[in-house]
Amino acid sequence: MKNLFTPISIGTIEISNRIFKSAAGSYSIDHGINDQAMMFYENIAKGGVGMIWFEDLQWYGYPVEDVRKVVDKVHDHGTKIGLQTYGSWQFASSSKHMSSPLEMDLEEYRHKELTTKEVHEVQNTIVSAARYAKDCGFDALELNCSSDHMFDTFLSRFWNVTRSDAYSGKSLENRARVVTELITKIKDECGTDFPIQILFNGIEENLQILGDNDLCVTLEEAQGFAKLFEAAGADSLHIRSSAFGNHCAGFMPDIMHFGEKGNTGLGTVVNYNRHFGGMVDGSRDGAAAFLDVAAKIKETVKIPVGVVGSMDPAVSEELINRYIKEDKIDFILINRPLLADPELPNKLREGRKDEIKPCNRCVNCFKAVVDMWGTGYCRVNPAYIRGGTEEMPEGAEPALAERPQKVLIIGGGPAGMEAAAIAAQRGHSVSLYEREQHLGGRMRLAAAVKGRHERIAEYIAFMENRLDKLEVEVKLGVKADKQTVDLIAPDKIVVATGGIKAETMIPARNLKCVHDHIILDPKKLGEKVCVVGGNIIAYDYAVHLTAKGKKVALISERLEENIGSEQASWPRAVLTEWMRAKGTRLYGGISGLEISPDMINFTTISGSKEKMFYDSVVILNNLRKDHYAQKEFKHCDAIYIGDCHKPANILEAVRAGNLAGRSI
């Protein structure tokens, strides 16, 4: 990775390396500039990133002195920090309206055409934001002209269809004018020593009506925009894509790889050889998908060019290193890998790749579908968002224990492994007992069902390696009981034995073709499979079987909108539409379920009677907490965590383990 860790200049500022954090909704600043915010950004800076792009502040009006506290914390670690800003989603260059059946396209923010006077007023607002950024001590400004943000609705003919003034879509110069004028105005206000980076779409595609892309920005147009931005005084370029109809896919291309490669989330599948101008690379499960787009744009300019889009350097290190060495790109922008592990740059630089918490690309951290820009959490890093709050007042790193103790962890799933690691990190002497011959618990089954995309197997390997480095005593194939506890005599016990499979109460469950557990060999199921259950296990298994080409029906007493609700919202949205497009039937709110040897009967939510022939039925009830474990260890004053206490998902299990380890 030596080329990634060479310095780079953007305008007048010198940056120590070429890993930049993108401004991508990674911290909810609705709560103010508080200790939590300062801890979050300082941890990113301490982790060795070269530059941080801070989320837009123009609508919040925080005092300069408050924002400067965050900026100073970042600067204390030799890291540069810039502020991103953009126009409102509620305004646009045209009144063109796109409706989407998918919630991902921000339907609350519909475009309103601006008059020429209003364009100038918005420009003045952005210039004021730039002045504010410089007064706060930020090193640079980034104009977000991508996606379907306001400025892209001028740049792209997809939106710019009705204007007739100097900002009309009649020429490339007209379409770029709102940005090129802004660059000049900001330089006049803030000086030529205040760098400006332009974030814009290198290529666009219409996923709403796949292939209807005549008005989308082409690579050739993007190259023309790059030249115009450079001539106007831009100091660097940040390249991404836009996928109209699926906002997220424009900067997280891996979202189009849930279910199958190219899944738009709208019931269609991208052909990477044809759509996006054939320039987006879908061969690496979404990783580094926009590299070649950025490389082509860099050919046309002399200023530095960076690229975003699943650019995790721990995944694509050789590719990224080569592109920098060959002068095809200058820097990368990442977000989720830094949320998973803020120390990623330092660990890469020091050759400690095996210590990097792997981003699972599960998108739990980006919950905009359900919460409309509410902030999510990270599956592998419970301290993200929680560090500095009442849950973790000490911050991201757990404090050393005042008195080292002997700690016994019973259960080696995600909750138990996390609890053991945190307790050991705090200085305790830790033993972990697992009844199976391997660690990971139900995560191993999750990895098999979900496939490689979410990198769960890599996460298990990371956790095993971490326990080894922390010198946790791990005993496999040993079922701990009261006698074990009495023999070890620990000071503290944490029980994380996992959830218990609930008994199937549906009649005919003893039929050979009716199963109450996941079967991974598709040959044993036949072609027509009914999955009964609405939890995340049933939902993910229905996805798995759909991907295997089975004719699947997912049947649940839950209302349809609550099926798989434990799943992260973005993947759930794209996978639900994908399953429907593949012919999988989803029935929510059903009642009166009956199973005969070759037929399943139930009443739909509308009251109609449904009969369905099947080859196999798989009933996947919710797990229940482990009452046996609570009886077995009741004399120990134990801490119960994970599914044995409250069945949930991996994210919640890891959170519970982290908090348990901190509490001892």
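Residues take their numbers from the sequence shown, with the count starting at 1.
Remark: the backbone N or O of Asp341 is not paired with any side-chain donor or acceptor of Asn381 at under 3.5 angstrom. Judged by distance alone, the side chain of Asn263 and the main-chain N or O of Met256 form no donor-acceptor pair under 3.5 Å. With hydrogens and angles ignored, the 3.5 Å screen pairs no side-chain donor or acceptor of Glu55 with any backbone N or O of Ala23. No donor-acceptor pair closer than 3.5 Å links the side chain of Arg455 to the backbone N or O of Glu458. Under a 3.5 Å cut-off, the side chain of Asn17 and the backbone N or O of Thr6 do not form any donor-acceptor pair. Between the Ser316 side chain and the Ala288 main chain, no donor and acceptor come within less than 3.5 Å of each other. Here the side chain of Gln84 pairs no donor or acceptor atom with the backbone of Phe54 at under 3.5 angstrom. For Asp66 (side chain) and Tyr62 (main-chain N/O), no donor-acceptor pair under 3.5 Å exists by modelled atom type. In this structure a side-chain-to-backbone donor-acceptor pair under 3.5 Å is present from Arg18 to Pro7. In this structure, Asp139 contributes its side chain and Lys80 its backbone to no donor-acceptor pair below 3.5 Å.
Checked by atom type, the side-chain pair Lys21/Asn335 shows a donor-acceptor distance below 3.5 Å. Residues Thr12 and Asp193 bring no donor and acceptor atom of their side chains to less than 3.5 Å of each other.
By the salt bridge (charged side-chain N to carboxylate O under 4.0 Å, His left out) test, Glu14 is found to be paired with no residue, residues two or more places apart in sequence or in another chain being considered. Legend: residues meeting side-chain contact (heavy atoms from CB on, under 4.5 Å) with Ala133, ordered by chain and number and at least two apart, are Leu83, Phe138, Leu141, Phe194. The salt bridge (charged side-chain N to carboxylate O under 4.0 Å, His left out) check on Arg240 picks up nothing, with sequence neighbours excluded. When the salt bridge (charged side-chain N to carboxylate O under 4.0 Å, His left out) test is applied to Glu343, no partner is found at least two apart in sequence or on another chain.
Electrostatic pairing of Lys353 and Glu317 counts as a salt bridge here, judged by a charged N lying under 4.0 Å from a carboxylate O. Lys296 and Asp292 are not joined by a salt bridge, as no carboxylate oxygen comes within less than 4.0 angstrom of a charged side-chain nitrogen. Salt bridge absent: Lys134 and Glu189 never bring a charged side-chain N and a carboxylate O closer than 4.0 Å. Salt bridge annotation for Asp327-Lys298: present, with a cationic side-chain nitrogen under 4.0 angstrom from a carboxylate oxygen. Taking the charged nitrogens against the carboxylate oxygens, Asp285 and Arg361 do have a contact shorter than 4.0 Å, which makes a salt bridge. The residues Arg655 and Glu391 are annotated as salt-bridged, a charged nitrogen and a carboxylate oxygen being separated by less than 4.0 angstrom.
Applying the ring-ring contact (aromatic ring centres under 6.0 Å, His included) test to every pair with at least one member in residues 4-23, sequence neighbours left out, gives these pairs: Phe20-Phe331. Within the structure, ring-ring contact (aromatic ring centres under 6.0 Å, His included) contacts touching residues 336-356 (residues at least two apart or in different chains) do not occur.
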When you look at Asp152 and Phe200, which way does the side-chain contact (heavy atoms from CB on, under 4.5 Å) test go after all the steps? CA-CA 7 Å; Asp152 182 63; Phe200 70 107; over 6 Å; no
Intermediate values then yes/no, side-chain contact (heavy atoms from CB on, under 4.5 Å), Tyr459 and Asn360: CA-CA 8 Å; Tyr459 184 41; Asn360 279 192; 3.9 Å; yes
Run the numbers on Arg349 and Asn346 for side-chain hydrogen bond (donor to acceptor under 3.5 Å, both in side chains), then give the verdict. CA-CA 5 Å; Arg349 182 191 291 112; Asn346 283 341; 2.7 Å; yes
Under the side-chain contact (heavy atoms from CB on, under 4.5 Å) rule, what do Gln197 and Leu237 come out as? Steps first, then yes or no, please. CA-CA 5 Å; Gln197 179 164 288; Leu237 303 175; 6.0 Å; no
Steps toward side-chain contact (heavy atoms from CB on, under 4.5 Å) verdict (Ile460, Met463): CA-CA 5 Å; Ile460 296 171; Met463 296 182 85; 5.8 Å; no
For Glu566 and Asn649, run side-chain hydrogen bond (donor to acceptor under 3.5 Å, both in side chains): C-alpha distance rounded to whole Å, both residues' side-chain angles, the deciding distance at 0.1 Å, then the answer. CA-CA 7 Å; Glu566 304 92 340; Asn649 55 22; over 6 Å; no
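When the options Glu355, Glu471, Glu418 are evaluated for a salt bridge (charged side-chain N to carboxylate O under 4.0 Å, His left out) with Arg466, the one that passes is Glu418. Of the candidates Arg284, Arg336, Lys261, Arg336 is the only one forming a salt bridge (charged side-chain N to carboxylate O under 4.0 Å, His left out) with Asp254.
A cation-pi geometry, defined here as NZ or CZ lying under 6.0 Å from the six-membered ring centre and within 45° of its normal, holds between Arg386 and Tyr377.
Between Phe251 and Phe366, a ring centre-to-centre spacing shorter than 6.0 Å is recorded. Residues Phe229 and His238 keep their aromatic ring centres 6.0 Å or farther apart.
Counting only heavy atoms from C-beta outward, the side chains of Val64 and Tyr132 approach each other to under 4.5 Å.
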